[in-house]
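As a basis for the values below, the full set of heavy atoms in this structure was taken, side chains included, without hydrogen atoms, waters or symmetry mates. The chains referred to below are lettered A, B, ... by the order of the sequence lines, with proteins before strands, and numbering in each begins at 1.
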Amino acid sequence: MNSKDGMRYMELVDVYEKLDSTTKRLEKTTILADFFRKIGGEDPELLPVVTLLSLGRVFPTWSEEELGIASKLLMNAMALVAGVRPEDVEDMMRDAGDIGTAAELLLGKKKQATFFTVPLTIQKVHSNLMKIADISGNRSQYKKMEILRELFSSASPEEAKYITRTVLEELRVGVGEGTIKDAIAEAFSVEKGVVERAHMLTNDLGLVSEVAKEEGVEGLKKLSLKPGKPVKPMLAQLSPGIRESVEEMGWALCETKYDGIRVQIHRSGDEVNIFTRRLENISNAVPEIIEYIEEALPHEDFIVEGEIIVTKDGKPISFQYILQRVRRKYEIEKMREQVPLKLYLFDVLYYHGPQIDTPFEDRRKILESMVDVMEDKLQLSNQVKATPEDIWRAEDLFTESLKGGHEGIMIKDPHAPYMPGIRGKKMLKRKAEPETLDLVVVGGTYGKGKRAHFIGSYLLAVQDENNELKTIAHAATGLDDQMLLELSEMVEPLITKKTGRRVEIVPSIILEIAYSEIVKSPEYESGYSLRFPVVKRVREDISIEDIDTVERVESMFKDVQTL
DNA sequence: TCTGATGCGTC
DNA sequence: GTCGGAC
DNA sequence: GTCCGACGACGCATCAGA
């Protein structure tokens with residue numbers, strides 16, 4: 001290590017390799033903690049950067065910066081550097097099962113011809129990646145690739161492996177935020193709870209590690225909630241059953257679960273901002289929501305949360321519509337007419353100071369005191385109180401919710417504080433039982449990582465009135481290791497064609513697929529597709545003539561719409 | 001100027 | 001979003 | 001219980017290239 005030029009990227013790569021070589025969380029934590037401590041001692045300015053890079057990120061969570069490079073562009077850049085065709089890279093990637101490993105192999109060959117290189121530093125890698133995010137406009141893809149090319153040309157094969165994975169933000173060394181938090185706590189001898197809280201409130205583990213080292217517990221405790229700065233929303237777990245969940249809480253506040261977009265709304269002085277679950281600012285896309293807030297809530301600093309849905313004649317309509325609104329930049333006024341929004345508020349995080357430690361029961365009361373309801377535009381979530389004795393209140397809410405075209409119910413612990421970014425048992429969700437269809441496998445796509453040498457996703461079809469097969473969805477989740485293997489073995493002899501990572505398969509294997517909802521599809525031959533498809537089992541007991549039909553799908557889709 | 005591929009966010 | 005695997 | 005990483009559909013923005 002050279003103190004003038006900063007620490008070499010290779011040192012970080014060694015850490016990645018060590019992390020990858022164990023599956024034990026405690027070991028990973030110690031590896032990271034040791035490294036953080038080392039950086040803290042030798043090159044403290046690098047600590048926030050290294051913390052982010054260890055997570056496989058270039059920017060902190062709250063940042064709106066993005067690289068605009070994913071697998072395809074990256075493959076092109078790799079092809080350029082290695083002097084091969086992009087298709088060769090794709091083949092290699094399929095065989096290696098991972099773009100990082102493919103990069104390592106490709107550059108390994110190339111490197112033998114290279115004479116010498118200037119060693120990469122962590123700083124250099126990070127600053128070049130940050131530069132990529134700033135490039136836009138004409139020839140931007142080319143310029144981005146030039147930066148990658150420069151990095152690759154001075155990278156060792158092993159370094160290239162992790163640069164590619166970092167660009168894709170998929171480091172895949174088994175380290176996520178939980179492990180990083182533990183490591184920061186261990187490295188700088190602060191309590192884990194304090195690290196956790198600081199992270200909740202800032203969404204910036206780089207900052208947290210820096211403060212932990214420089215100012216310790218005192219510094220971390222000073223970080224706090226501020227209107228204008230979004231925090232990660234508290235998340236819900238699946239409820240195993242309404243009664244069981246309510247009993248476990250003692251009593252519960254149950255609310256309709258609306259099928260829309262979760263938003264966190266901040267008022268800071270004169271400014272109102274609306275953030276999504278991943279902390280993206282969508283204020284410009286939903287001007288009417290800002291207006292409703294101006295009208296219905298106090299002109300004081302606050303943070304509230306709710307769900308935005310689309311309604312027609314006061315009734316909720318398909319989730320697909322709201323996707324037309326969230327990230328829109330153009331023709332906003334026009335869409336505002338066509339796709340009207342409604343906001344249901346259900347929580348408050350800040351009002352006359354932080355309220356996240358206030359029990360939910362009381363937060364709700366505060367929220368109620370803040371809001372002047374606007375019919376059809378802004379309301380509080382529909383809420384009932386349920387105890388084990390009158391569990392029917394919750395059960396009725398559930399059936400009413402589904403009948404009304406909503407998604408189910410939330411079951412909330414009245415005593416719980418608001419825990420940003422935590423998915424715990426203080427807030428549960430209960431949705432309708434999924435439906436199932438019997439579909440035939442007509443193709444597939446090879447997977448990555450764990451699924452590198454399997455078909456990681458199956459293309460499925462229904463039959464039409466002429467017994468022709470029409471595609472309707474891909475399914476990948478729901479397969480355990482054993483089924484993954486068995487299916488691969490069944491499918492292998494049926495493959496008729498391979499193009500890149502995709503294969504075509506003689507139709508014969510039938511899968512039972514669960515799904516939450518049928519949706520209109522611009523992509524699949526049947527004109528429909530499935531929301532949240534899950535593989536349940538292989539149907540060896542029926543034959544291909546028995547699979548479900550386009551007609552059936554169509555009739556079920558209409559049922560859903562007319563609810 | 002238009003279209004398809006790609007990226008990236010929502011669920 | 002769902003799910004399975006590892007701890 | 002918790003964390004992590006496999007993977008699903010859709011729609012808008014952006015950019016390359018016809």
Side-chain angles (χ1 to χ4, degrees), chain A residues 22-28 55-56 64 66-76 97 135-144 168-182 235-238 258-263 276-280 282 285 307-309 318-332 335 339 407 422-425 429 431 434 445 447-452 454-460 472-484 513-524 528-536:
Chain A
T22 173
T23 54
K24 295 192 174 63
R25 281 237 303 144
L26 289 176
E27 264 179 51
K28 288 181 196 280
L55 253 178
E64 308 241 321
E66 50 198 34
L67 296 181
I69 294 180
S71 55
K72 301 285 176 167
L73 290 180
L74 195 56
M75 283 194 300
N76 288 345
I135 300 171
S136 68
N138 208 284
R139 312 233 328 133
S140 62
Q141 294 190 343
Y142 175 79
K143 291 178 200 156
K144 288 179 180 189
L168 294 183
E169 304 209 311
E170 3 166 281
L171 207 49
R172 279 217 331 270
V173 291
V175 169
E177 290 183 344
T179 314
I180 299 280
K181 282 185 273 190
D182 289 350
L235 303 171
Q237 255 179 19
L238 280 178
Y258 302 97
D259 188 12
I261 302 284
R262 175 95 175 257
V263 286
T276 61
R277 202 178 131 177
R278 289 198 197 171
L279 315 185
E280 184 139 319
I282 56 160
E307 188 93 0
I308 299 178
I309 65 165
S318 171
F319 172 79
Q320 283 177 283
Y321 288 98
I322 202 169
L323 296 176
Q324 300 179 1
R325 294 289 315 266
V326 257
R327 304 188 75 204
R328 178 172 289 280
K329 280 186 156 180
Y330 309 104
E331 299 196 294
I332 289 168
M335 290 310 280
V339 182
E407 215 183 359
I422 303 292
R423 189 189 296 278
K425 56 181 193 306
K429 56 181 168 183
K431 299 166 66 159
T445 310
K448 300 187 211 178
K450 289 191 283 208
R451 299 207 175 166
F454 302 104
I455 291 181
S457 171
Y458 288 93
L459 178 60
L460 303 156
I472 185 166
H474 286 88
T477 191
L479 298 163
D480 59 22
D481 286 357
Q482 195 196 339
M483 228 203 296
L484 204 59
I513 303 294
Y515 63 93
S516 74
E517 193 184 350
I518 292 167
V519 295
K520 271 264 180 227
S521 172
E523 191 60 33
Y524 288 96
Y528 296 95
S529 191
L530 307 178
R531 194 175 181 195
F532 312 144
V534 175
V535 180
K536 298 315 277 189

Nearest-neighbour nucleotide for the [X] side chain, [options] considered:
X	options	answer
A/P533	D/dG11, D/dG8, B/dG9	D/dG8
A/Q237	D/dT2, D/dG11, B/dG9	D/dT2
A/A476	D/dC7, C/dG1, D/dC10	D/dC7
A/K24	B/dG7, C/dC7, B/dT10	C/dC7
A/A70	D/dC10, B/dT10, B/dG7	B/dG7
A/D480	D/dC10, C/dG4, D/dC4	C/dG4
A/K448	B/dC8, B/dG9, D/dC7	D/dC7

Query raised in the report: Nearest nucleotide by nearest heavy atom, which residue falls closer to the 5' end of DNA chain D, A/N138 or A/R328?
Result: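 Upstream on the strand: A/R328.
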Query raised in the report: Hey, which of these two, A/F532 or A/S136, hits DNA chain D nearer its 5' end, going by closest nucleotide?
Result: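 Counting from the 5' end, the first nearest nucleotide belongs to A/F532.
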Which is true for [X] with a 4.0 Å heavy-atom rule: it touches a base, it touches only sugar-phosphate, or it touches nothing?
X	result
A/K450	base
A/I282	nothing
A/K431	sugar-phosphate
A/S71	sugar-phosphate
A/V175	sugar-phosphate
A/V173	sugar-phosphate

Report task. Please report the C-alpha distance between A/L530 and A/I518 in whole Å, then the side-chain angles of each, then the deciding distance to 0.1 Å, and finally whether the side-chain contact (heavy atoms from CB on, under 4.5 Å) criterion is met. Result -> CA-CA 5 Å; A/L530 307 178; A/I518 292 167; 4.0 Å; yes
Short side-chain N/O contact to [N] OP1/OP2 from [X], under 4.0 Å:
X	N	value
A/K329	D/dT14	yes
A/Y330	D/dT14	yes
A/S140	D/dC15	yes
A/Q141	D/dT14	no
A/T23	C/dG5	no
A/R278	B/dC11	no
A/T179	D/dC4	yes
A/T477	C/dG4	no
A/K429	C/dG1	yes

Query - Base B/dC8 to side chain A/R327, donor-acceptor N/O within 3.5 Å cut-off - result: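 Result: at least one qualifying N/O pair found.
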Query - Least distance between heavy atoms, A/L168 atom then A/S71 atom - result: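 For A/L168 versus A/S71, the nearest heavy atoms are CD2-N, 3.5 Å.
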Query raised in the report: Which atoms form the tightest heavy-atom contact between A/R325 and A/V339, and what is the distance?
Result: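 Looks like NH1-O, 2.9 Å.
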**Report entry** Between D/dC10 (P) and A/F319 (CZ): distance, integer Å
**Finding:**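 It is 12 Å, rounded to the nearest whole Å.
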Query - Criterion side-chain contact (heavy atoms from CB on, under 4.5 Å) on A/K520 and A/Y528, from CA distance to verdict - result: CA-CA 5 Å; A/K520 271 264 180 227; A/Y528 296 95; 3.6 Å; yes
Report task. Check whether NZ of the Lys or CZ of the Arg A/R451 lies under 6.0 Å from the centre of the six-membered ring of A/F454 and within 45 degrees of that ring's axis. Result ->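 No, cation not above the ring by the 6.0 Å, 45° rule.
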Requested in this report: Rounded to whole angstrom, note down the P distance from C/dA6 over to B/dT3.
Outcome: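 It comes out at 49 Å once rounded to the nearest Å.
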Requested in this report: Start with the C-alpha gap between A/L238 and A/K429, add the side-chain angles, then the distance that decides, and say whether side-chain contact (heavy atoms from CB on, under 4.5 Å) holds.
Outcome: CA-CA 5 Å; A/L238 280 178; A/K429 56 181 168 183; 4.0 Å; yes
